Amino acid sequence: MIRIILDSPEAEHFHVEVDGKRAGSPRLSFASIYLLEVQLPLHLLQDGVRLDMDPAGLKNRLAFELSLHAAYLHLVYHAWPRLYSRSPFRAGPLPQNFDQAFHGLRTLTLARSMPHCHHLKDTAKGSAILLASPGPSLDLDFVAANKDRLVVVAIGRAIGILAQAGIPPDVCYIQDTHPPTWHTLLDDVDENALTDTILVVNPAAPVPDYAQRFQAVYKAWNCHPFETDELPKLEESPPSATTGGYSLARLLGGHPIISQGADCGSPLEPERAKELPEHFNSLLNAHEAPDPNQAYGFYSEILLRFGGELAVSTMPRYLDCAQWVKSRAFRDKLEHGLEFYDQSLTGMLCFNSVIQPADQAPPLPETKRLALPQSPPTADPRPYAEALLKRFSSVDKFLKPGEPIPGVSLRAPFNCIFHGVKDYDGTRFVPQPDDYDLARERLDNILSTLGDILNQAS
């Protein structure tokens with residue numbers, strides 16, 4: 001456990017304790033706050049971060065930012081991984097959605113022709129980049145008027161918003177792997193609307209159903225915070241589309257970067273904001289909770305107010321996105337001179353940040369550049385397919401009507417064949433005849449698909 005201690009609202013230094021021992025007393029500054037993430041060992045962050053601070057300190061700009069960043073560190077490195085470990089995204093007892101798992105297997109057939117997105121490095125160098133998120137502040141008139149002077153990178157639902165407005169983006173970035181999400185994103189978009197668009201995608205997604213709609217498909221990073229690029233891991237935490245979009249924009253090498261639609265919440269109504277002092281609800285008590293997931297849920301409301309600059313209703317998943325981008329933008333400004341501008345309803349990215357309001361952005365270049373390289377495929381699907389085939393074949397040995405399934409075969413993703421079965425609770429399981437027929441059909445489909453993949457790859 002890491003404790004971050006601010007002794008008084010007027011303190012010029014804060015203290016960092018690791019397992020009860022003082023580990024440093026840096027001067028309170030934006031640099032010391034944003035560099036905590038790179039200076040503290042990962043395994044210690046995974047044990048949780050607790051902030052000890054008098055609530056009166058929230059009137060201090062730097063202390064307020066310290067409270068936001070402590071919450072971010074706690075969420076990203078401690079709370080979210082624990083939450084995901086109990087969800088179908090990781091190798092837990094809950095059954096993974098069969099359609100999602102099967103689509104992921106089908107995508108392996110494209111792996112040999114899907115180059116890694118690293119081949120797109122600096123392909124937009126010399127151009128400005130518009131990072132388009134799907135929030136209300138996405139200005140379609142601005143994008144339409146400047147589409148020939150900006151490399152437009154659309155994130156998630158912004159793809160459909162832009163395409164249906166007749167403004168196909170240059171690059172689409174999708175990290176969500178759920179088939180229903182893809183249906184929502186693309187099924188209402190004309191099949192020919194994105195033929196000049198590059199798709200950068202999590203390879204576990206249902207890519208085969210949509211790849212032909214795009215000019216080219218590139219393999220994205222697999223997981224937050226994008227340091228891992230192995231072909232789909234069995235245990236994978238869902239990444240953030242916002243943070244992935246920022247990383248992609250940096251990879252493309254364009255400068256400056258302008259963000260629209262990353263609202264990260266909603267502005268508080270003036271009357272409601274007046275009732276709040278300098279405010280960050282739930283933080284100080286949250287780290288006292290025995291289970292951080294009880295204190296921080298994806299959709300629990302967080303109210304933030306600081307003077308007349310910030311009055312926002314947001315959620316933990318938006319808070320961690322905002323703080324991630326702010327900290328990366330700070331370091332990229334320091335090390336690479338990055339200029340980043342944001343237009344949003346809340347101003348969360350600009351608050352206490354090197355990120356500037358979009359109306360301060362310099363004039364855009366007259367033209368844009370996005371040179372699509374000839375990229376060799378980099379992924380070999382065989383090792384992953386062979387590992388899956390071995391594990392699913394072991395399930396095949398035990399799948400018999402009326403006989404119990406060993407617990408080792410009831411871990412995700414191998415339990416996807418039992419998804420939706422009424423009496424399956426993620427533990428010891430005895431399939432009844434109807435359950436057996438469904439599971440057998442699904443397992444035969446998986447084994448056949450994996451065999452085809454290995455035959456094609458050999």
Side-chain angles (χ1 to χ4, degrees), residues 117 120-174 185-186 189-190 192-200 213-216 218 241-264 321-322 325 328-329 332-333 336-350 353-372:
C117 64
L120 296 173
K121 183 175 175 58
D122 290 336
T123 52
K125 193 169 185 177
S127 299
I129 289 181
L130 176 68
L131 202 54
S133 298
S137 62
L138 178 59
D139 186 343
L140 296 178
D141 291 337
F142 173 86
V143 182
N146 293 282
K147 63 181 181 179
D148 294 328
R149 301 196 290 169
L150 289 162
V151 172
V152 180
V153 178
I155 300 172
R157 289 184 295 106
I159 298 167
I161 294 172
L162 291 171
Q164 291 176 335
I167 318 168
D170 298 291
V171 181
C172 292
Y173 182 76
I174 307 176
L185 291 177
L186 295 171
V189 176
D190 185 278
N192 298 313
L194 299 169
T195 53
D196 293 327
T197 298
I198 299 167
L199 174 63
V200 180
R213 297 189 182 191
F214 295 88
Q215 179 183 2
Y218 285 78
T242 301
T243 56
Y246 175 89
S247 295
L248 179 58
R250 293 289 293 130
L251 179 71
L252 293 172
H255 188 267
I257 297 173
I258 301 171
S259 170
Q260 289 188 352
D263 296 303
C264 297
C321 287
V325 173
R328 295 315 190 275
D332 285 341
K333 172 80 170 179
H336 306 290
L338 173 70
E339 297 294 337
F340 192 110
Y341 301 90
D342 175 63
Q343 175 177 305
S344 71
L345 298 182
T346 62
M348 279 190 66
L349 293 186
C350 293
S353 173
V354 298
I355 300 172
Q356 302 175 68
D359 59 10
Q360 298 180 21
L364 296 173
E366 289 301 317
T367 58
K368 69 179 178 184
R369 168 187 177 270
L370 183 64
L372 187 63

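Bear in mind the structure is a predicted one, so any value in this text is a computation, not a measurement. Below, all heavy atoms of this structure are taken into account, side chains as well, without hydrogens, waters or symmetry copies.
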Listed by chain and number, what are the side chain to side chain donor-acceptor pair (under 3.5 Å) partners of K333, not counting sequence neighbours?
-> E339
Which pair of non-hydrogen atoms, one from G253 and one from D122, has the smallest distance, and what is that distance?
-> CA-OD1, 3.7 Å
In chain order, what residues pass the side-chain contact (heavy atoms from CB on, under 4.5 Å) check against T242, with sequence neighbours excluded?
-> S240, C321, V325
Closest approach of G166 and K147, non-hydrogen atoms and distance?
-> O-NZ, 4.2 Å
Go through the structure and list residues passing side-chain contact (heavy atoms from CB on, under 4.5 Å) with A216, not counting sequence neighbours.
-> Y218, L372
In short, salt bridge (Lys or Arg N to Asp or Glu O under 4.0 Å) pairs touching residues 242-263 with sequence neighbours left out are R250-D332
Pairwise side-chain contact, L251 with C117, heavy-atom cut-off 4.5 Å (strictly under) = yes
Who pairs with K368 by side chain to side chain donor-acceptor pair (under 3.5 Å), at least two apart in sequence or on another chain?
-> D170
Under the side-chain contact (heavy atoms from CB on, under 4.5 Å) test, which residues partner Q260, sequence neighbours left out?
-> L130, L138, D139, F142, V143, Q343
If you look at every heavy atom in I129 and A249, which pair is closest and at what distance?
-> CD1-O, 3.5 Å
Sequence neighbours excluded, the answer for side chain to side chain donor-acceptor pair (under 3.5 Å) partners of S344 is D342
Please test Y341 against S259 for side-chain contact (heavy atoms from CB on, under 4.5 Å), starting from the C-alpha separation and ending with a verdict.
-> CA-CA 6 Å; Y341 301 90; S259 170; over 6 Å; no
Could you tabulate the donor-acceptor pairs under 3.5 Å formed by side-chain atoms of residues 148-160, not counting sequence neighbours?
unit_1, atom_1, unit_2, atom_2, d
R149, NH2, N146, OD1, 2.9

Any sub-3.5 Å donor-acceptor pair from S353's side-chain atoms to C350's backbone N or O?
-> no
Which residues pass the side-chain contact (heavy atoms from CB on, under 4.5 Å) test with A165, sequence neighbours left out?
-> L140, I167
Residue among N192, T195, L186, L199 satisfying side chain to side chain contact (heavy atoms under 4.5 Å, CB included) with R213 = L186
Would a distance-only check, ignoring hydrogens and angles, find a side-chain to backbone donor-acceptor pair under 3.5 Å from T197 to F214?
-> no
Backbone N/O of G135 and side chain of S133: donor-acceptor pair under 3.5 Å = no
